[in-house]
Each structure stands twice: as structure tokens, then as C-alpha cells.
There are 2 protein chains.
Amino acid sequence: MQGQKSRASFRRRTTMADVARDVGVSAITVSRALRNPETVSEPVRERITEACRRLGYVPSRVASALASARSKTISVLIPSLTNIVFVEVVAGIKQILDALDYQMLIGITGYEDQMAEERLLMQHLEYAPDGILLTGIDQSETVIRLLGDFSVPAVHMMDSSERADCSWVGFSNTDAGAIAGRHLLETGRRHIAIVAAQLDPRSTRRCDGCRDVLQAAGHYDPALDIRVPHSSSIPLGAELVQKLLREHEACDAVYFCNDDLAHGALFWCSQNGVAVPERLAVVGFHDFSASAWTPPPLTTIETPRQEIGREAARLLMARIEDPGQPARQIDLGARLIRRASS
Amino acid sequence: MQGQKSRASFRRRTTMADVARDVGVSAITVSRALRNPETVSEPVRERITEACRRLGYVPSRVASALASARSKTISVLIPSLTNIVFVEVVAGIKQILDALDYQMLIGITGYEDQMAEERLLMQHLEYAPDGILLTGIDQSETVIRLLGDFSVPAVHMMDSSERADCSWVGFSNTDAGAIAGRHLLETGRRHIAIVAAQLDPRSTRRCDGCRDVLQAAGHYDPALDIRVPHSSSIPLGAELVQKLLREHEACDAVYFCNDDLAHGALFWCSQNGVAVPERLAVVGFHDFSASAWTPPPLTTIETPRQEIGREAARLLMARIEDPGQPARQIDLGARLIRRASS
DNA sequence: TTGTAAGCGTTATCAC
DNA sequence: GTGATAACGCTTACAA
């Protein structure tokens, strides 16, 4: 069959067998020399190393994966790549994988429905990943079943759950939203708006957590609970704060479930003479790097995104090494960063 | 050998042979039904489709890649994931690959030396990618040779080159820098600073392009040409503009080779009573989404990052389909977006 | 410490 | 239109 890219000037890839022949040993010895050097005698090992270099041998992970049922690849499913939040999670994951010589296949779910995530997961299963990192804990039953059927270890990221049978690394979005609500109440605000975009399960929980706190204090006003499905952005934040102030004069604070919305609001306020925090207090979510520099610097909820990526990758690798391990949950928390906007 | 993850409750993965047995045809017929449905008779095809669904068959790309020497994977090598610029390039690439059922392996070179890029490339070659997308055109000879040895088509992104033997999709960083310089000269500035961080070959060219224009006009001052190796960020921009104004009173304009530096400068100026653009004109590079909203909105050079990603992926796929194709170069240009900061 | 044989799940080739 | 057979390059199991 020789599945070569049958072109005129094709040069066969150097294989383990080529190296073995060159050294005068069998292929399996080369295989061992590369994977477990200590199981091969020193002189042979050295000749193999030298021959690999000289012949420009690059091992085939494809063949290795097929033979060993270990692809040294994990799949990472995130909602978006253009949202810096997930990019930082991925950066954390990469730190861990690089050290272990694992590669990462990134899948973008695009904030779509659960069916889309199922399709994406099936696509990724074709690559036989050794493990999967998922965003959030709201996967469909089908996704859970598929992971079981293919016995692929999974770790959920960026949220928390009561379930003891699934591993996750994240924080409680509900609690984090509550922190924002409590802070605004404590600073004397009584007409607090909640503004969210995107409306994935996590941003919804961030809003609900805040709402519950306001409600318990008797200061919740449904008219100030504004949730739009559009994707989160600076212009949207500017637009929403403008509308909010026009329609609700009494409003004296806003909690945005994403920093970019808050940035847009701050920019609009500074350009339109709305004093922050005197007239309007603003709180964001996620603590983007620009949030320390906006006019004025933004009070926000810091989330440990890189660390979530790192810990999730570590936990996943542990489960790959030993599939018998019980599920683990790691809550890394979220905390208020108080700056001048509130 | 049976390379199974030998655990107690292991369930063998459903294979093509299982589907074939179920339907009562040979494996190769199943293979054909999935890849070229029209080459299989309709009744058989339907029974195969049905059996695949019923048995939960997920094809193995690993086996497919080994047998066909087509991994349906491409490698994308970029300097950083936390820099939004490259994330947008990746987003563009993904658009094209998704439609063609290709996956992407992302490698981060980390702005390191060329040796690091060589090591990274070798790692990626282990996965036998069908093609490679590289950032910039300054790869070492070794990288070029490796790509040739493994006959992997490559397309360079985000810069331009005179060489006719390499494919690239990007723009001239030199010309883009010149645009910034010319604009500042045309608006009457005579003491123009050039400020760059990171100092990869592309940002260096962006500076040099500006410098050459200033020099030709007789308004280049080496003391105002400030290039630091640190990575580009908002705080760094704030720090550098402060230093600049303190040490060079006459300076009346700054060209930053990255928007985040410019953002930092604008934030610092607005917080310290430096009038932009009256006292100091500011020009950035890349047109980040926040640049339309800074105080004041930032004049910058827009670069077509998503489109570069898309076109580069298209070009690469064309070269994968037909390796005989001659190299192509696509210059997508960069243009000035004039806003209130200049 | 090293080797032999078999097979991972698919596709190329050639035959029918 | 369909099938038998032999790879693809490597690793597991077992033997020496």
C-alpha cells in the first residue's frame, strides 16, 4: 500500500528500522533506547543516539499512538479563542503539557448549544486523545456518556459543581457574583444594576449570585437586571451603560459580568461627564490586564485563569497515569480587587 | 501486543472491521462508504451508515494517518498565545480548517532564539503534519532544510519577503512603519520618538521603516529611538512615555510599535495632564479593539490579522493538495486609521 | 540485555 | 461495485 504522498521526488522518511539496520540491532532495541534508555546497554545506546542524529531520524507519533494506544495528546474544548480569558487558561495548560511532552488539540465550541459540543467531542475522539479538558460543568448527558464509552479521563474547568463524580478545577461563579453584590451593598449602593452579555451558564451564575445577595438585602430591582445574548465587548458595554443611565436615573452602581463590558462603560462615562464612582460605581469580572489602567481603574473580581489551566492539566495527567484515581475537585476561588471605580 | 490501556473494565473500541462484520461487507467497503460515498452502492451505503451510528463507530485518525500518510493536521507556530494579535491569526486559520475537517496543532516559540524554533519544529514533525504555518520570514536555514527534508509545505505569515521561493501571506512591516512616520511628519511633528518593545524581527522592521522616513526628512533623532527587550504591555507603555517626556522635553510625538504600549501611554497622559494630541501625538500599531475607545481614541496602523490567517490557511491547503504548485506571496497591506490621538 | 512475532486500525493496490 | 492482501511505523508480549 505504501501510503506515501506519491510525488515525483519523494524521499522516504527515515524510520526506526533504518536506524536499527544502521546500528546493527533490531528495531525494538532502538525503540527501547529512545523510551527507556536505561534498559539498553550503554555502548549500544550511544551508537543508536549517534545514528538517530546522523540519519535525521524523527520518530512517528502516529505509529507510536497506534501501537501503544497512547497518543500523547489531549483535547482542550473552550468556548472561544478571541476571549483572553480562555487563552490564559490554555497558556496555563501548555506550561504543564510542554514539560511532559504532550501536545494539545484545541476545539472551539463557540458558545453554541450542547449538540455542537457533542459534535466537536466526536471529532476530537477521532484523534484518540489521552484526556480531555472541558470548559464549565454543564455538558450534556451524551458528552458524559461518550467520555465514558471511550474511557477518556476528563477534567472540567472554570466553574464548580456539587457532583463528586466529576473532576473540576475552578471557582464558584455564583459565589464570585455574590462577592460583587456584597461589595456594592457595603459601599452604600442601593440601586444596583446587573449587566451580562454572552449568557453562557457561567456568566448567568455570576449574575444570579449577585442577584441573590441583592434580593436577600431587599435591594433587587428586576428592571436593573439586564442580560443580553450578544457577545461581550467594549462597544456593547458603552451602549448598555448609556441606555441604563438614560432609562434608570436612580441607578447608582453597575456590576458587569465581564471586564470588557465594564471598560466600555468606563470609557463612555469618562467621555460623557458621568463621574465614576461618585455618580455611578462600576464593578467588572475577571480582572483583565487593562483594568488597572482604565479611567478610573476598575474594581473587579480576579479569577486565577492560568492557575486553573495548570492545575486542571496536572489533575488530568494524574488521571491519565492512573485511571483508577477517584475524581478530585479543586476550588481556586475568586477575589475582589478593589480599585477606584467603586 | 494489543496496545490497550489494560484496565479491568476495558471495552475495545469499535472498529471498521466491527462495522463491516455487522453489515456483512469487507472493511474496505466501509472505508470507501465513509470517504467516497458515491463509490458504494446505495443500499450497502445506507446499511453502513446505519451500523456506524448504531455501534457508535468513531473512525481512528491515527490509523488513517499511518495508512494514508495524511494526518489531516497542520502545525501552526506562533510566538505567543497571550498576544491577541496571534490569537486572531489563529482564529482566521481555524475558520478555514474547520470547513476542511483539518485540525491544528499550535506551537509557541516564545520569542526565543532560532534554535528554540528548530526544536519546536522537530517536535511537531513527529506528528507528521500535512503542512506548517510559520510566523515571520526569519527562520533559520535548519528550519528551511527540515521542511524540505520532510517535504512539508509551509506558508509564512505576518511579514513580507523578496524571496520568490517561499510562500507568505502578510504585509511589509517596514512599509507599515513608514506610514506611521509619514503621518506624523505630515501633521507637523518634528521631534518624533520611536518606541518598541519585544524586538522580534517584525517589530524591529516596523521601527526601521519609520526611522528611515524620519531620516530622509532630516528629522531623525537617535536619542528618541527607544527599543527595549521587555515584552510589550500597558504598564511598560506608561513607564516609557513618562521617562520619555521627562528626558526629552522637545518630543512632540511618539510612534509605538504595538497598541498596548500606546494604550499605557494614553492612560498615563490622561492621568497626568499631558494633552494628547496637542502636547504629544501618539500612534500605535495593530489596531486592537480597545483602540477606538481610549482617551483619546488612538491613531494606529490596522493589520488584517484574521484575513492573514485565512489566506495563509487557504494557500497552505492548496499547496497540500498540489505540492507542485509554485510558491505564492500575498501582500494584504496595512493602513493608517486616523483617530484623535494625532 | 536483546530479539521475534504479532498486531494497532486504517488505506493503497490490484484483482474480480 | 466489492474484496483480499499487504503495508504504514511502531510497541506489546513473550522468548532467548
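Here is how names work: the chains are called A, B, and so on, in the same order as the sequence lines, proteins then strands, and each is numbered from 1.
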**Single hit among B/Ile108, B/Val85, B/Thr135 for side chain to side chain contact (heavy atoms under 4.5 Å, CB included) with B/Pro79** =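 The option that passes is B/Thr135.
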Roughly, in whole Å, what's the span from [atom1] in [X] to [atom2] in [N]?
X: B/Phe150; N: D/dG9; atom1: CZ; atom2: P; answer: 12 Å
X: A/Lys72; N: D/dT11; atom1: NZ; atom2: P; answer: 10 Å
X: B/Asp18; N: C/dG9; atom1: CG; atom2: P; answer: 9 Å
X: B/Arg47; N: D/dG1; atom1: CZ; atom2: P; answer: 16 Å
X: A/Glu126; N: C/dG9; atom1: CD; atom2: P; answer: 15 Å
X: A/Leu34; N: D/dT11; atom1: CG; atom2: P; answer: 8 Å
X: B/Asn36; N: C/dT11; atom1: CG; atom2: C1'; answer: 11 Å
X: A/Met16; N: C/dT4; atom1: CE; atom2: P; answer: 16 Å

**Asked** Donor-acceptor pair under 3.5 Å: do we get one between A/Arg32's side chain and the base of C/dG3?
**Response**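 For A/Arg32, whose side chain was compared with the base of C/dG3, there is a donor-acceptor pair (under 3.5 Å).
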**Prompt:** So does A/Arg61 reach the base of D/dG9 with its side chain, donor to acceptor, closer than 3.5 Å?
**Reply:**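 No such pair is found, so the answer is no.
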Under 4.0 angstrom between [X] side-chain N/O and [N] OP1 or OP2:
X: A/Arg13; N: D/dC10; value: no
X: B/Ser68; N: C/dT11; value: no
X: B/Ser31; N: C/dT11; value: yes
X: A/Ser64; N: D/dT11; value: yes
X: A/Ser26; N: C/dT2; value: no
X: A/Tyr127; N: C/dG9; value: no

**Asked** Heavy atoms under 4.0 Å, any strand shown: does A/Val40 hit a base, just sugar-phosphate, or nothing?
**Response**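 Sugar-phosphate contact only.
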**Message:** What's B/Val25 touching, base or sugar-phosphate or nothing? Going by heavy atoms closer than 4.0 Å.
**Reply:** sugar-phosphate
Are the side chain of [X] and the backbone of [Y] linked by a donor-acceptor contact shorter than 3.5 Å?
X: A/Asp322; Y: A/Gly324; answer: yes
X: B/Gln103; Y: A/His124; answer: no
X: A/Ser68; Y: A/Ser64; answer: yes
X: A/Ser167; Y: A/Ala327; answer: no

Which nucleotide in [options] has an atom nearest any side-chain atom of [X]:
X: B/Ile28; options: D/dC10, D/dG3, C/dT2; answer: D/dG3
X: B/Leu66; options: C/dT10, D/dC8, D/dT11; answer: D/dC8
X: B/Ala67; options: C/dT10, D/dA4, C/dG3; answer: C/dT10

**Prompt:** Charged N to carboxylate O under 4.0 angstrom, B/Glu50 versus B/Arg47?
**Reply:**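 The answer is no: the pair does not qualify as a salt bridge.
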**Prompt:** Mapping B/Ala65 and A/Glu38 onto DNA chain C by nearest heavy atom, which one lands closer to the 5' end?
**Reply:**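 Closest to the 5' end, via its nearest nucleotide, is A/Glu38.
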